[in-house]
Participant: 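The following block contains the structure, expressed as structure tokens.
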Amino acid sequence: MDTLINLADGLAAALTPQNLMWAFLGVLLGTAVGILPGMGSAMAVALLLPVTFRLDPTSALILFAGVYYGGMFGGATTSILLNTPGQASSIATTYEGHKMALKGRAAQALGTAVIGSFVASVIGTLVVALFAPVMVAFALNFGPGEYFALTVFSFVAVAAVVSGSVVRGIASLLIGLAIGFVGIDGQSGAARFDFGSSSMLDGIDIVIVTVGLLALGEVLYIAARGKSAPNFAAIRTGRPWLGRKDLRRSWKPWLRGTAMGSAFGPIPGSGAEIPTFLSLGLERKLAKRRERRTGEKSEFGQGAIEGVAGPESANNSSAAGTMVPLLGLGLPTSATAAIMLAAFQQYGLQPGPVLFERNADLVWTLLASLLIGSVLLLVINLPFAPLWAKLLKLPKPYLYAGITLFSVLAVYAINTSVTHLVMLLAIALLGLGMRTFGVPVAPALIGVVLGPIAETEFRRALAASSGDPSILVGSGISIGLYVLVLIAALVPLISLVRRRSAARRAEARETADRA
């Protein structure tokens, strides 16, 4: 009851005209920067940090939180329309969202994304407000061994479940791991896969990999296909709102994605990429199971609305979950949260358990502003879904020229380095080759993001145990995750064996009937 009273007081403070203005501005800016490849909410908050120095701490943090939430949705817009995610957390949305756009259902894809973001943000924020102490205690149970088990689970789940083909999924994962290990080893200082170039000692930036594999790789693939490429100008933008069937298919993925994102958000190092990809894999498996039970053909691979609703909900609920360790422990679990921690320190505030006692008004006003930001996100973006969808009416040469221009500018802005542009071209050619030979891109991206984390946590775990590998299975969390790894690896194999057995039985029955 005290929590609800505090949240109500926070809502009263957040609904003042001044704070509403900052929340609106934050959501608007976040949506804008989320659309631009390579920008993302972290860069926007970093740029705003010196500008907001003279602002009241509450107003500044409300602005940053609005940018964070807006950026989470903004990345979905270009993911759906152009197959180019604005930030890494929107990668999973591209797989079904862009196919929906190609089928003339861009408005529906954007609609389910923004409604899913709203549902997840509201539920995620309420969960944070009501269960923050429990979630903080859960996050504290994760040590190096648990982190390593979590990354292994993510590898197997993405490679075996999301990609469809286990062999191609593992091949793509290995490509991503190889890219992720480029540069100086953080513990030994040894240079790896640098090809004698000093520019590669810092590794290959995730922006280069994401833009190269997804944006320029798609541009080259479309160019290589020539006249057989999809003609966007001929695509219908579709009705502006979701129909009953769309809502019926979306509401369960919204809730499942919200639950998955809320579970992973408080875990340091998990990021939004893991729950979004796992949500995509879960929805695909459930669709296949539904297809076998009812005979209704699954749309996954051709533009399933569940493949947008689930990942976008997981994306935004994980954003709410990052507030738990940030406010309760002073521990940022994402790049944006790290910059928000710097903002707290800029105003002489130290997040942690005492923050809820010493600065309770600020904390509850900030949490309440997340609810308001969620409503503003819906109000600002839902009416514009049909308008954004009309971007597909642009002539294809102009559209892909614009994608190429923004992609190159985004990469060049990282370090104003021509070498980065050469890396971008190389990664784009790799993306072209992967598409040509049917190798999925998702496992490669998750390998790039999580590969270095897995290596670091593995070595930290062995260092802490003086080389004893039993630390990797030394807790119930680790064992539970490895059991899930085993299940994720065996389920596709069991399904394959069952399909082949059923095919042989059907063939035997046909032979017997003919005889």
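FYI, the numbering just counts along the sequence from 1.
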Participant: Between the main-chain N or O of A259 and the side-chain N or O of S262, is there a donor-acceptor pair closer than 3.5 Å?
Facilitator: no
Participant: Can you give me the closest heavy-atom contact between A92 and P311, atom names plus distance?
Facilitator: CB-CB, 4.1 Å
Participant: Looking at side-chain heavy atoms only, is the closest gap between M100 and I80 below 4.5 Å?
Facilitator: no
Participant: Return the minimal non-hydrogen interatomic distance between V308 and A113, and the atom names on each side.
Facilitator: CG1-CB, 4.1 Å
Participant: Side-chain contact test, heavy atoms from C-beta onward, threshold under 4.5 Å: evaluate it for N316 versus L377 and give yes or no.
Facilitator: yes
Participant: Does A109 offer a backbone N or O that forms a donor-acceptor pair with the side chain of T112 under 3.5 Å?
Facilitator: no
Participant: My understanding is that only residues two or more places apart in sequence, or in another chain, count here; which of them pass ring pair (Phe, Tyr, Trp, His ring centres under 6.0 Å) with F148?
Facilitator: F458
Participant: Test side chain to side chain contact (heavy atoms under 4.5 Å, CB included) on V114 and I380 and set out the steps.
Facilitator: CA-CA 10 Å; V114 70; I380 292 172; over 6 Å; no
Participant: Return the CZ to CD1 distance between R105 and I305, rounded to the nearest 0.5 Å.
Facilitator: 5.0 Å
Participant: Can you give each donor-acceptor pair under 3.5 Å made by side-chain atoms of residues 432-439, sequence neighbours left out, with the distance rounded to 0.1 Å?
Facilitator:
{"from": "R435", "atom 1": "NE", "to": "E218", "atom 2": "OE1", "distance (Å)": "3.1"}
{"from": "R435", "atom 1": "NH1", "to": "L213", "atom 2": "O", "distance (Å)": "2.6"}
{"from": "R435", "atom 1": "NH1", "to": "G431", "atom 2": "O", "distance (Å)": "3.4"}
{"from": "R435", "atom 1": "NH2", "to": "L213", "atom 2": "O", "distance (Å)": "3.0"}
{"from": "R435", "atom 1": "NH2", "to": "L214", "atom 2": "O", "distance (Å)": "3.4"}
{"from": "T436", "atom 1": "OG1", "to": "L432", "atom 2": "O", "distance (Å)": "2.7"}

Participant: For residues Q108 and D246, report the shortest heavy-atom separation together with the two atoms involved.
Facilitator: CG-OD2, 3.6 Å
Participant: Which heavy atom of F300 sits nearest to which heavy atom of A287, and what is that distance?
Facilitator: CD1-CB, 3.5 Å
Participant: Measure the spacing between CD of E96 and CD of E283 and express it to the nearest 0.5 Å.
Facilitator: 10.5 Å
Participant: Determine yes or no for a side-chain-to-main-chain donor-acceptor pair under 3.5 angstrom, with S172 supplying the side chain and R168 the backbone.
Facilitator: no
Participant: Are L367 and L370 packed together at the side-chain level, in the sense that at least one heavy-atom pair is separated by less than 4.5 angstrom?
Facilitator: yes
Participant: Return the minimal non-hydrogen interatomic distance between L366 and L61, and the atom names on each side.
Facilitator: CD1-O, 3.6 Å
Participant: Backbone N or O of T276 within a donor-acceptor pair of the S279 side chain at under 3.5 Å?
Facilitator: no
Participant: Taking the side chain from K99 and the backbone from Y95, do they hold a donor-acceptor pair closer than 3.5 Å?
Facilitator: yes
Participant: Applying side chain to side chain contact (heavy atoms under 4.5 Å, CB included), can you list everything that pairs with V375, at least two apart in sequence or on another chain?
Facilitator: F118, V379
Participant: Stepwise, does the side chain to side chain contact (heavy atoms under 4.5 Å, CB included) test hold for E299 with E291?
Facilitator: CA-CA 10 Å; E299 291 186 10; E291 180 180 352; over 6 Å; no
Participant: Which residues pass the salt bridge (charged side-chain N to carboxylate O under 4.0 Å, His left out) test with E306, sequence neighbours left out?
Facilitator: R249, R290
Participant: Checking T93 now: which residues fulfil side chain to side chain donor-acceptor pair (under 3.5 Å) with it, not counting sequence neighbours?
Facilitator: E312
Participant: Find the distance between CG (L20) and CD1 (I62) and round it off to the nearest 0.5 Å.
Facilitator: 8.5 Å
Participant: Report the distance from atom CG of L28 to atom CG of L376, rounding to the nearest 0.5 Å.
Facilitator: 10.0 Å
Participant: For atom CZ of F24, decide whether the heavy atoms of other residues, nucleotides or ligands shown that lie under 6.0 angstrom number more than 12.
Facilitator: no
Participant: Could you give the distance from CG (N315) to CE (M260), rounded to the nearest 0.5 Å?
Facilitator: 13.5 Å
Participant: Under the side chain to side chain contact (heavy atoms under 4.5 Å, CB included) rule, collect the residues that match up with I123, sequence neighbours excluded.
Facilitator: V119, V127, L255, T258
Participant: Would a distance-only check, ignoring hydrogens and angles, find a side-chain to backbone donor-acceptor pair under 3.5 Å from N19 to A13?
Facilitator: yes
Participant: Closest approach of A368 and L11, non-hydrogen atoms and distance?
Facilitator: CB-N, 3.4 Å
Participant: Verify side chain to side chain contact (heavy atoms under 4.5 Å, CB included) between V448 and I175, making sure each step is shown before the conclusion.
Facilitator: CA-CA 8 Å; V448 172; I175 291 173; over 6 Å; no
Participant: Nearest 0.5 angstrom please: W254 CH2 to I115 CD1, how far?
Facilitator: 4.5 Å
